[in-house]
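The structure under discussion appears below in the form of structure tokens.
Numbers here simply count residues along the sequence, with the first being 1. Bear in mind that the values here come from a model prediction, so they are computed numbers and not experimental data.
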Amino acid sequence: MSRRRAAGSFAGGGIARQEGETTGAMMQREQILILTVLGVTLALFLWGRLRHDAVALGALLACVILGLVPGQGAFAGFGHPAVITVAGVLVLSQALQSSGAVDLLARAVLPEKGGRMIGFAVLLGLGAALSGFMNNVGAMALLMPVAVRFAASHDLAPGQVLMPLAFGTILGGMTTLVGTPPNLIVAGFRAEAGLGSFGMFDFTPVGLAVALAGLVFVVTLGWRLVPVRPTTDTEGFETGAYMTEARVPEASRAAGMTLRAVEDVLGADAQVIGLIRNEVRITAPHGARKLKAGDILVLEAEAAKLGKALAELGLELEERGSSSDEAEGPQAAEAGPIALRELVVRSTSVLIGRSASDLRLRTRHGLNLLAVARDGQRTRGRLRSLRLRSGDLLLMQGPEEAIAGFAEEHGCVPLALRELRLPERGKAVRAALVMLAAVAAVAFGLIPAAPAFALGGLAAVALKVLPGREVYGAIDWPVVVLLAALIPVADAMQTTGVAALIAEGLVQGVAQGQAVPALALVLVVTMFLSDVMNNAATAAVMSPIALGIAAALGVSADSFLMAVAIGASCAFLTPIGHQNNTLILGPGGFRFGDYWRLGLVLEVLVVVVSLPLLLIVWPL
């Protein structure tokens, strides 16, 4: 009997051992697969040629195909509280902007007179404060024209104000739960770990101290570290700094040709930016319009190439002077005064990847694209075929109202000196009250963040603060897709044991089993990753690793999750780490390597200030 029991036990043990080995082999296979997917995803993020949301979606689908994420739960991330909260905050941010509430605040706070340091402090302080409760990209976009005006009034290069403002708005975002997507993501991972979500102001003790330290440094000393680049004004563009008018004589080759055919002949040597016929100025003539003898073409060309351009078509220089003379005919008068304005392409703009010819600027909008500045360099070649990128600075010509409408419709930030809008005070007050009510509901634990801000967005529409047609346009859909796609991938990292595996390797191999060095390591690694890839993606990747490190050390996970939140929010070394950094690339005339001079010192300061505070506020 005992032999049978022993034999049975032996056999059962063998079966159990075989099952364990099979499970171990399966787990090892899954770990290899998820590590491969993660490695390829990070490589594509760093490469930067593909959209981040497309890369994240590809990673999710790869996990589904490989059996790492259940097919029925593949898109569960779109219902994740962090994703819903991000969307709700963006809608309420748009309500604050469109109602003029932020303009009222800026007009009340920003000093009309005062020294440079006071102005710097107020401008950056306002940007940081706004970023704590609204989309920090929206706060940056609203204050950019103010920053350019401040720079001009204090004899500074635009970049010397724009970079501090961008960094200030990034710092402000880390002070509250809704200030930046990484905070929401970290709070979501804490809740899924069974520890409960972080509250609205749980980020404030450390985040506010870090933000204040960073702002004081930037206002007093840091702005001096910003490289001074030439201003990217109208004269800085090199579509040809020479604008002139050329008449079409009777014997000209151009007579009878369409404007499109004329531009094809001119090639890269010149660009037609207007037509004068019978003293009527047509700012953006249609390409199918045929030229007649006596027409005057408004050309822009480099001085060295102007002669060749005229000779190609037998044109004669008009003696009336350059096209900057405002001798406008009835048509121009009806359209309003013609202006030159600079627009910055935002990261969410529909212009990205499209050219002027794709957009049919003249036909649809009555506008000319005169020039593009990119990465601090002036573009060359045919503008109409140039594919636009995020951060490009566009020089547009046309009626003021047409340019303003184009900027709003296509996701651009105008840099023109503008007066603050005179908002409807009642609408602005309602927008502010809705935002305050949503924040208070979350802060006092009356309702979770996701439904609170979703309800706030609905209230903004119901109270007619935000038109219903603008709700979906206010949401940054690439960020939403990126978050929704990466959350299941991050869950797969945990279920396969990869997060714990990476955590154990970092703890034992680098931190030598010590909690404080491990915490510093998480902070620095997260900060580095955020500099080279999207901050939301960084938070989604590092949160499960942080939880794994805390588990391996047997300490509280809160300090490690907070380190991820801070590190993911502090992207100061490159123009690609944060959308605000990209937004100032063109207007500041910056190059890729210009950010690290101020950014590196600021990141060191963040580590020095935040690390002891993390240990005090969130003890291990």
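Residues meeting the side-chain contact (heavy atoms from CB on, under 4.5 Å) test with P448, sequence neighbours left out: P451. For R430, there are no side chain to side chain donor-acceptor pair (under 3.5 Å) partners, not counting sequence neighbours. Under the side chain to side chain donor-acceptor pair (under 3.5 Å) criterion, D558 pairs with R190, not counting sequence neighbours. With sequence neighbours excluded, the residues that form a side-chain contact (heavy atoms from CB on, under 4.5 Å) with P164 are F120, L124, V218, W223, V226.
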For Q494 and L547: C-alpha separation, side-chain torsions, deciding distance, then whether side-chain contact (heavy atoms from CB on, under 4.5 Å) applies. CA-CA 9 Å; Q494 291 180 299; L547 288 169; 3.7 Å; yes
Begin from the C-alpha positions of F75 and L60 and carry the test side-chain contact (heavy atoms from CB on, under 4.5 Å) through to its verdict. CA-CA 9 Å; F75 298 105; L60 172 60; 4.1 Å; yes
The test is side-chain hydrogen bond (donor to acceptor under 3.5 Å, both in side chains); show your working for N136 and T169 and say whether it passes. CA-CA 6 Å; N136 46 24; T169 53; over 6 Å; no
Could you walk me through whether R389 and D392 pass side-chain contact (heavy atoms from CB on, under 4.5 Å), step by step? CA-CA 6 Å; R389 300 179 188 170; D392 281 351; 3.8 Å; yes
For a side-chain contact (heavy atoms from CB on, under 4.5 Å) check, start with the C-alpha distance between V471 and V461, then their side-chain angles and the critical distance, and finish with the verdict. CA-CA 8 Å; V471 169; V461 175; 3.4 Å; yes
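With hydrogens and angles disregarded, a donor-acceptor distance shorter than 3.5 Å links the side chain of T85 to the backbone of P81. A donor-acceptor pair under 3.5 Å is formed between the side chain of T176 and the backbone N or O of G132. Proximity of a side-chain donor or acceptor of N183 to a complementary backbone N or O of T180 within less than 3.5 Å is not detected. H410 places a side-chain N or O within 3.5 Å of a backbone atom of F406 that can act as its donor or acceptor partner. Under a 3.5 Å cut-off, the side chain of S93 and the backbone N or O of M134 do not form any donor-acceptor pair. The closest donor-acceptor contact from the side chain of S197 to the backbone of A191 lies at 3.5 Å or more, if one exists at all. Using modelled atom types, one side-chain atom of D531 and one backbone atom of F572 make a donor-acceptor pair closer than 3.5 Å.
Distance check: L600 CG to L605 CG gives 11.5 Å after rounding to the nearest 0.5 Å. Between the OG atom of S390 and the CD atom of Q579 there is a distance of 7.5 Å, given to the nearest 0.5 Å. Distance check: H80 NE2 to L486 CG gives 12.0 Å after rounding to the nearest 0.5 Å. Atoms OG and CG, on S569 and L171 in that order, are 9.0 Å from each other to the nearest 0.5 Å. Taking CG of L501 as the start and OG1 of T496 as the end, the distance is 9.0 Å to the nearest 0.5 Å. How far CG of L483 is from CG of D476: 9.5 Å, rounded to the nearest 0.5 Å.
Considering every non-hydrogen atom in both I34 and Q31, the closest pair reads CG2-O, 3.2 Å. Of all heavy-atom pairs spanning V210 and S610, the tightest one is CG2-CB, 3.7 Å. In terms of heavy-atom proximity, G548 sits nearest to A503 at C-CB, 3.3 Å. Shortest non-hydrogen contact noted between S99 and V465 is CB-CG1, 4.1 Å. For L620 against A515, the heavy-atom pair with the smallest separation is CD1-CB, 3.5 Å. Taking every heavy atom of both residues into account, V178 and F133 meet most closely at CG2-CA, 4.4 Å.
The number of heavy-atom neighbours closer than 6.0 Å to CZ of F78, taken from other residues, nucleotides and ligands shown, is above 12. For R469, the CZ atom is loosely surrounded, since the number of other residues' heavy atoms within 6.0 Å does not exceed 12. The environment of CD in E192 is crowded: more than 12 heavy-atom neighbours from other residues, nucleotides or ligands sit within 6.0 Å.
Every pair passing ring-ring contact (aromatic ring centres under 6.0 Å, His included) that includes a residue from residues 175-212 is listed here, sequence neighbours excluded: F198-F203, F198-W618.
A side-chain donor from one of D358 and S355 sits under 3.5 Å from a side-chain acceptor of the other. Side chain to side chain, S530 and N535 fail the donor-acceptor criterion of an N or O pair below 3.5 Å.
Two residues are said to be in side-chain contact when any heavy atoms from C-beta on lie closer than 4.5 Å; L394 and L351 meet this criterion. By the 4.5 Å heavy-atom criterion applied to side chains, V609 and V206 are not counted as neighbours. With contacts defined as side-chain heavy-atom distances shorter than 4.5 Å, the pair L463/V434 qualifies. Contact of the P182 side chain with the L184 side chain is not registered, since no non-hydrogen atoms from C-beta on lie closer than 4.5 Å. Taking 4.5 Å as the limit, some side-chain heavy atom of E470 sits within range of a side-chain heavy atom of Q94. Residues I545 and L506 form a side-chain contact, since some pair of their non-hydrogen atoms from C-beta on lies under 4.5 Å apart. Residues E409 and H365 form a side-chain contact, since some pair of their non-hydrogen atoms from C-beta on lies under 4.5 Å apart. Between F560 and V522 there is a side-chain heavy-atom pair separated by less than 4.5 Å.
For Y595 and F590, the ring centers are positioned less than 6.0 Å apart.
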Side-chain donor-acceptor pairs under 3.5 Å in residues 581-588, sequence neighbours left out?
{"from": "N581", "atom 1": "ND2", "to": "A571", "atom 2": "O", "distance (Å)": "2.8"}
{"from": "N581", "atom 1": "ND2", "to": "T574", "atom 2": "O", "distance (Å)": "3.0"}
{"from": "T582", "atom 1": "OG1", "to": "P575", "atom 2": "O", "distance (Å)": "2.5"}
{"from": "T582", "atom 1": "OG1", "to": "H578", "atom 2": "O", "distance (Å)": "3.4"}

